[in-house]
Amino acid sequence: MTPYAMPPYRIKMVEPIRLIPKEDRVLRLKEAGYNPFKLRSEDVFIDLLTDSGTGAMSDAQWGALMQGDEAYAGSRSFYRLEAAVKEITGYRYVMPVHQGRGAEQVVLPLLVKHPGMIFLSNTHFDTTRAHVEIAGARAVDAPCKEAFDIAANIPFKGDFDLGLLEAQIRRVGKENVAGIIMTVTNNSAGGQPVSLSNLRAVSELAKRYGICRIIDGARYAENAYFIKQREPGYENATIRQIAREMFELADVFLMSSKKDGLVNIGGLIAIKEDETLFRMAQTRIVPYEGFPTYGGLAGRDMEALAVGLNEALEESYLAYRIDEVRYLGEKLRALGVPIQYPIGGHAVFVDCGSMCPQIPFDQFPAQAVCNALYLEGGVRAVEIGSLLLGRDPDTNENKKAPLELLRLTIPRRTYTFQHWDYVAEAFAKVYAMRSRIKGLRFDYESPVLRHFTSTFRPIE
Ligand code: P61
């Protein structure tokens, strides 16, 4: 028997992909300014840029699309989605938004009451950090000590450092903490899960200080699956029960539904019981996202999301999903490639800082390895390191990320194990030439979320 779970589905529809010749890849990458975000997807063979909106929908979701009610106000599809979210979270108020950052732009500024406030998180993802800063606050991370030690083999590397969290609250004073954001799973630390016991401790601490508790739950179902696998006492709980327990520990749920909603576009705001916050969010949603019963989505998008949210909680789906990521990770590990370990929920993260010590952090080693991987095999990965982290908003200096990670992100229900064999072979070739990979410098540096649109030149 294979040590990996079987896919609990078969393929009904396919989308052709092709590998363009090596000399074309050299040209396309140069035209893209050595930034894989600027490649055309038809020039990419296996696209591991992100798991966001890139998964395959099920036949049930495609069927649901046809039932979309496109009414501007009071859409039937909204009420279906609302019922699904209420059932999963137990929260009273639900608002759709166009994607995760839509939820962030609506809710986060409402929590910033005066200048000088901070948000605390196990790790803010980059769009979250950007919206915190746009709202005039600062984002402070309090991840556990092992989060960025790739060799530390502990089950919940996404946890908060509780001592550090409380120290930060005391340092600035509780009246200056706008909220505590629990990112599950912790994307920037390698898709690492957060334990229920840690979430509970964070929640109690926040309650004690009267601070708003927010779940950034783009991958909450994957987090719940890890809890079932790894946290004593939850072996026999269902994924739904675990998810419900997670939601009980927060006041607000923000979600990019392009991940564990199994849809190509969509996001959610859910509020447990704070009617005032709900009213204020509703007021902001109208100018930024749309009328509150569609929030930037089509009726059909809401139908697909209502179905996808439930499919993502199925244990057989999650078992295969997590094993697929593990399969690729174990292959790279067997080659000696330094990866974040244990392997996370949505991606394999390679430590390019230790792989290419000849490249300084501000010449972006992980971006350089991404480029080498594209040239080698037409595989598109993404940098999660100092390029993504950007500049300090106060000093304008390049910030140094704790790790220079390259992320091989696995879209849901999309590729096969043969594709992973191919990716591992391509990576092996890049790994063999790692000492010859050169750093990058900016040709153009974009002022906000710079990794998306900046262009580079390799340093000779
Ligand atoms: C990703 F290169 N993540 O991981 P939106 N919270 C969390 C996320 O992971 C997240 C959002 C909020 C992406 C997409 C992405 O620079 C990048 O629906 C934990 O993307 O607005 C998104 O959700 C925001 C990729 C985002 C990037 C920003 O690939």
Side-chain angles (χ1 to χ4, degrees), residues 35-39 47-55 96-108 119 121-134 139 141 143 147 158 179 181-194 214-223 246 252-269 288-289 295-297 301 305 308 325 340 344-349 364 366-367 370 380-390 401 405-412 414 446 448-454:
N35 182 352
F37 272 103
K38 293 176 77 82
L39 287 168
D47 201 348
L48 308 183
L49 187 76
T50 178
D51 62 328
S52 184
T54 52
V97 286
H98 81 281
Q99 61 182 89
R101 65 201 75 179
E104 291 163 357
Q105 73 166 343
V106 167
V107 172
L108 299 182
F119 282 88
S121 177
N122 43 348
T123 312
H124 294 81
F125 192 61
D126 66 333
T127 54
T128 322
R129 178 178 298 276
H131 278 295
V132 162
E133 289 172 5
I134 291 167
D141 294 335
I181 301 174
M182 304 177 250
T183 312
V184 294
T185 56
N186 187 346
N187 187 358
S188 316
Q192 295 293 319
V194 187
I214 302 146
I215 287 185
D216 174 354
R219 301 177 182 84
Y220 80 96
E222 290 168 5
N223 199 83
M246 287 161 58
V252 178
F253 169 43
L254 307 180
M255 183 188 196
S256 168
S257 307
K258 300 170 73 171
K259 286 83 169 175
D260 282 354
L262 289 172
V263 287
N264 303 120
I265 194 73
L268 288 168
I269 300 170
Y288 286 105
E289 296 286 304
L297 296 180
D301 298 331
L305 178 53
V325 180
Q340 172 68 305
H346 67 293
V348 179
F349 288 70
F364 314 123
Q367 182 86 344
C370 284
R380 175 157 67 172
V382 70
E383 194 258 16
I384 305 271
S386 297
L387 172 61
L388 181 82
L389 196 57
L405 296 169
L406 169 148
R407 188 180 73 173
L408 296 160
T409 335
I410 312 294
R412 295 170 179 78
T414 303
S446 150
V448 187
L449 294 172
R450 63 183 183 177
H451 56 293
F452 283 133
T453 47
S454 295

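Counting convention: from 1, in listed order, for ligands and their atoms alike. These numbers were taken from a predicted model, which means no experiment stands behind them.
No more than 12 heavy atoms of other residues, nucleotides or ligands lie within 6.0 Å of OH in Tyr288, so this atom counts as exposed by the packing criterion.
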**Study point:** Chi angles and distances behind the side-chain contact (heavy atoms from CB on, under 4.5 Å) call for Thr123, Asn187
**Key:** CA-CA 8 Å; Thr123 312; Asn187 187 358; over 6 Å; no

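Scanning both residues, Ser386 and Ala401, for their nearest heavy atoms gives OG-N, 2.9 Å.
Looking at Phe119 and Ile214, their side chains come closer than 4.5 Å, going by heavy atoms from C-beta outward.
Remark: side-chain polar atoms of Asn122 are paired, donor with acceptor, to backbone N or O of Thr183 under 3.5 angstrom.
For ligand 1, the protein residues placed under 4.0 Å by at least one non-hydrogen atom are Phe37, Thr50, Ser52, Gln99, Gly100, Arg101, Glu104, Phe125, Asp126, Thr127, Thr183, Asn187, Asp216, Arg219, Ser256, Lys258, Lys259, Leu388, Arg407, His451, Phe452.
Between Lys259 and Asp51, no side-chain nitrogen of the basic residue sits less than 4.0 Å from a carboxylate oxygen of the acidic one, so the salt-bridge criterion is not met.
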